[in-house]
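Letters A, B, ... are given to chains in the order of the sequence lines, protein chains preceding strands, and every chain is numbered from 1.
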Amino acid sequence: MSIIELSDQEIQRRETLSKIREMGIDPYPAALYPVDNFSADIKADFEEGKTVCIAGRIMSKRIMGKASFAELQDSKGRIQVYFNRDELCPGEDKTLYNEVFKKMLDLGDFIGVKGKLFKTQVGEPSIDVQEFSILSKSLKPLPLPKTDAEGKVHDAFTDPELRYRQRYADLVVNPHVKDVFVKRTKLFNAMRSFFNEAGYMEVETPILQPIPGGAAARPFITQHNALDIPLYMRIANELYLKRLIVGGFDGVYEFSKNFRNEGMDRTHNPEFTAMEIYVAYKDYNWMMDFTERLLEHCAIAVNGTTKATFGEHEIDFKAPYKRVTMRDAILEFTGFDISGKSEKEIYDAAKAMGIDVDETMGKGKLIDEIFGEKCEGNYIQPTFIIDYPKEMSPLCKTHRDNPELTERFELMVCGKEIANAYSELNDPIDQRERFEDQLKLSERGDDEAMFIDQDFLRALEYGMPPTSGLGIGMDRLIMFLTNNQSIQEVLFFPQMKPEKFGEKKGPELSEQEKEVFTILEKSGTMNLNDLKEKSGLSNKQWDKTIKGLRAHDVVNVEKTENELIISVK
RNA sequence: GAUUCCGUAGCUCAGCUGGUAGAGCAAUACACUUUUAAUGUAUGGGCCCUGGGUUCGAAUCCCAGCGGGAUCACCA
């Protein structure tokens, strides 16, 4: 990597760092710091005169001669700290206050303070500092927003690119961003405890798989050297969890990082988190009850209420949710009844609705297109859409009352799918046929390779109890619960194109600048126009070069009466 | 993939019909003992995303590229 150009402030901080060392202070001490309190707890449970010891980053400094205020930010928030010169330095030597505190501490530095609690004249809970230690020096200034008296934030660090690339800085300066991730973890914990209390078991299944299954999506491929085989990164964990049901577990669940090699936008990241749960001896009706109770529980755990705001919508996760069959949904929004219709009739109906469909689409796909186009967006409040066409659901049991349908539901919120569940198909012969149909279907139209997972079929042949399974897109769900329109906002480190480092030009002269300088050096002083001619550069290049040379302060340009004279400095 | 907008100081953003780059905050120095967007005075700080073109002259106009946002399309 070439020379990194440091900004003025970064250089200053490095100089301060050396000064701190010269004073015999270690800017990165090894010893633990005996923290015994947190900012938020101190404020919530304020006790005048109590001695506390806390640590964090300095986020603001207000120096007023012999006394100063600063704000310390720890993991729970901020608290004001008060530094008084004569309390901090009771003797003659005022270095600790005048030099170390006032000059060596920058915003962003970690310090630890010990002191007594008090309230200022304006009533702000504060710590009167008796001792402080530098815990870690910060060499790069934080992008610090300021909040004014009316609570308005100025200079907010808002550029999404910078925020995502430097999430660490985003988290330090944007407390609302940190909140999103605190809520994300609360959601996972709430779900986990709900399942555990129901008696189900959290498990782990392979992420590197010889056959990517359980969904139709383009996988990432990698190579295992020792086995010399390709391995695929998981696109779903469904088939593995069902194997465990075959193995005799009553209920298993997994939070699974899935990887799909497809487009990226504000609702798709190449890696995302799904939760899948499979419960033996249940069907999709039971699963609907379970899902609505689960989501109500999670919404309360995350936000303290079943209500959530998403954009312009106010949604309520309070159970129970409306249940609408796909047939009724389409009937309601298009007036068309799909029941008993042939592929041709549905195709024509879709065309008539102005939906972009083609011959490669089977009946199921056509119905899905109609639903996606005309119905989906209308379901704002949590709604179960039930009984999907068979063709779209190769892992789902045929409906007990209608052989064209499956026992499947999706949960829609704000027009988007956040959960998908089945009465799982456990007839091994049917399952094999469905896989084969799927294979044919994929050969008919698209480029996605399909595999038949023979081992999964073997497992089913041993027998799987009737089972219901549910998958929830965790990222989507947390978007709804935190009112974020983009998945990048709910992932700590969303995928981005790699950043380029170290490509900045150093302080040296460029090739062109060197050439021109060499020509000039021979005579020492020249007419500017002569030099331009000799250089043979275009106007643009000439301009850039001469400006560069002046910026490097190696040449002088003087104006006489009628010409410009350039000379070596 | 298509359309569109954006890229200027550490941060947030101005910069007109082309004429040597601006503000606030942050930084530096000084003053100031309960402030809170502390205040006052002074100072420093820029490959104006990159490359090419037009022009006497480009942050500004044109072309290409890179990066990002938004919308749409694709996506069981």
A:Lys61 to A:Phe101, cation-pi by 6.0 Å centre distance and 45° axis angle: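 Yes; both conditions hold, so A:Lys61 lies above the ring face of A:Phe101.
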Reported [atom1]-to-[atom2] distance for the pair [X] and [Y], which is rounded to 0.5 angstrom:
{"X": "A:Ile418", "Y": "A:Leu477", "atom1": "CD1", "atom2": "CG", "result": "5.0 Å"}
{"X": "A:Phe272", "Y": "A:Phe259", "atom1": "CZ", "atom2": "CZ", "result": "9.5 Å"}
{"X": "A:Gln431", "Y": "A:Asp453", "atom1": "CD", "atom2": "CG", "result": "9.5 Å"}
{"X": "A:Ser256", "Y": "A:Met275", "atom1": "OG", "atom2": "CE", "result": "9.5 Å"}
{"X": "A:Leu139", "Y": "A:Asp109", "atom1": "CG", "atom2": "CG", "result": "8.5 Å"}

Kindly give the atom pairs (protein nitrogen or oxygen, nucleotide nitrogen or oxygen) under 3.5 Å for nucleotides 23-30 of chain B.
residue : atom : partner  : partner atom : Å
B:rG24  : N2   : A:Asp155 : OD1          : 2.7
B:rG24  : N2   : A:Asp155 : OD2          : 2.8
B:rA26  : OP1  : A:Lys146 : NZ           : 3.3
B:rA26  : N3   : A:Gln9   : NE2          : 3.0
B:rA27  : O2'  : A:Gln12  : OE1          : 2.1
B:rA27  : O2'  : A:Gln12  : NE2          : 3.3

With both distances kept under 3.5 Å, what pairs with [N], Watson-Crick or G-U wobble?
{"N": "B:rU60", "answer": "none"}
{"N": "B:rU54", "answer": "none"}
{"N": "B:rC75", "answer": "none"}
{"N": "B:rA42", "answer": "B:rU28"}
{"N": "B:rC13", "answer": "B:rG22"}
{"N": "B:rU36", "answer": "none"}

Option from A:Glu124, A:Lys50, A:Glu48 for which side-chain contact (heavy atoms from CB on, under 4.5 Å) with A:Phe118 holds: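 Only one option passes, and that is A:Glu48.
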Any side-chain donor near an acceptor of the partner, A:Ser39 and A:Asp74, under 3.5 Å: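 Note: A:Ser39 and A:Asp74 side chains meet the donor-acceptor criterion.
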Side-chain donor-acceptor contact under 3.5 Å, A:Asn98 with A:Arg85: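 No, A:Arg85 and A:Asn98 have no side-chain donor paired with an acceptor closer than 3.5 Å.
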Could you check which of [options] has an atom nearest any side-chain atom of [X]?
{"X": "A:Gln121", "options": "B:rU35, B:rC74, B:rA76", "value": "B:rU35"}
{"X": "A:Ala67", "options": "B:rA73, B:rC75, B:rU33", "value": "B:rU33"}
{"X": "A:Ser7", "options": "B:rG10, B:rU34, B:rC74", "value": "B:rG10"}
{"X": "A:Phe157", "options": "B:rC11, B:rU36, B:rA76", "value": "B:rC11"}

Base, sugar-phosphate, or nothing for [X], non-hydrogen atoms under 4.0 angstrom?
{"X": "A:Arg408", "value": "nothing"}
{"X": "A:Pro145", "value": "nothing"}
{"X": "A:Gly108", "value": "nothing"}
{"X": "A:Val122", "value": "base"}
{"X": "A:Tyr388", "value": "nothing"}

Nearest-nucleotide comparison on RNA chain B, the residue closer to the 5′ end among A:Lys365 and A:Gln80: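 Upstream on the strand: A:Gln80.
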Nearest whole angstrom, please: distance from the [atom2] of [N] to the [atom1] of [X].
{"X": "A:Asn174", "N": "B:rC11", "atom1": "CG", "atom2": "P", "answer": "14 Å"}
{"X": "A:Met264", "N": "B:rC72", "atom1": "CE", "atom2": "P", "answer": "18 Å"}
{"X": "A:Met64", "N": "B:rG40", "atom1": "CE", "atom2": "P", "answer": "14 Å"}
{"X": "A:Lys140", "N": "B:rA9", "atom1": "NZ", "atom2": "P", "answer": "13 Å"}
{"X": "A:Ile79", "N": "B:rU36", "atom1": "CD1", "atom2": "P", "answer": "18 Å"}
{"X": "A:Leu6", "N": "B:rG45", "atom1": "CG", "atom2": "P", "answer": "16 Å"}
{"X": "A:Asp265", "N": "B:rC74", "atom1": "CG", "atom2": "P", "answer": "12 Å"}
{"X": "A:Leu162", "N": "B:rC11", "atom1": "CG", "atom2": "P", "answer": "7 Å"}

Distance-only donor-acceptor hits, side chain of residues 63-73 of chain A, under 3.5 Å, sequence neighbours excluded:
residue : atom : partner  : partner atom : Å
A:Ser68 : OG   : A:Tyr97  : OH           : 2.7
A:Glu71 : OE1  : A:Ser60  : OG           : 2.9
A:Gln73 : OE1  : A:Arg78  : NE           : 2.8
A:Gln73 : OE1  : A:Arg78  : NH2          : 3.3
A:Gln73 : NE2  : A:Val172 : O            : 2.8

Expressed in whole Å, how much space separates the [atom1] atoms belonging to [N] and [M]?
{"N": "B:rC56", "M": "B:rG18", "atom1": "P", "result": "15 Å"}
{"N": "B:rA14", "M": "B:rG7", "atom1": "C1'", "result": "15 Å"}
{"N": "B:rG46", "M": "B:rC62", "atom1": "C1'", "result": "25 Å"}
{"N": "B:rU12", "M": "B:rA37", "atom1": "C1'", "result": "14 Å"}
{"N": "B:rA70", "M": "B:rA64", "atom1": "P", "result": "24 Å"}
{"N": "B:rG51", "M": "B:rU4", "atom1": "C1'", "result": "24 Å"}
{"N": "B:rU60", "M": "B:rG19", "atom1": "P", "result": "11 Å"}
{"N": "B:rG15", "M": "B:rC49", "atom1": "P", "result": "14 Å"}

N/O (side chain, A:Arg62) to phosphate O (OP1/OP2, B:rU34) under 4.0 Å: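 Negative; the distance criterion is not met.
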Salt-bridge criterion met for A:Asp86 and A:Lys94 (N-O under 4.0 Å):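 Answer for the salt bridge query: yes.
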SB check A:Glu489 A:Arg266 (cutoff 4.0 Å):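 A:Arg266 and A:Glu489: not salt-bridged.
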Can you give me every donor-acceptor pair (side chain of residues 361-371 of chain A, partner residue at least two apart or in another chain, under 3.5 Å) with its distance?
residue  : atom : partner  : partner atom : Å
A:Lys363 : NZ   : A:Lys341 : O            : 2.9
A:Lys363 : NZ   : A:Glu404 : OE1          : 3.1
A:Lys363 : NZ   : A:Glu404 : OE2          : 3.1

Residues that A:Asp265 engages under salt bridge (charged side-chain N to carboxylate O under 4.0 Å, His left out), provided they are two or more places apart: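 Applying salt bridge (charged side-chain N to carboxylate O under 4.0 Å, His left out) to A:Asp265 gives none.
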RNA chain B contacts among residues 83-101 of chain A, heavy-atom distance under 4.0 Å: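 Hits under 4.0 Å, by residue number: A:Asn84, A:Asp86.
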Table of protein N/O atoms under 3.5 Å from nucleotides 2-5 of chain B N/O atoms:
none

A:Glu312 atom CD, over 12 foreign heavy atoms within 6.0 Å: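 12 or below, so no.
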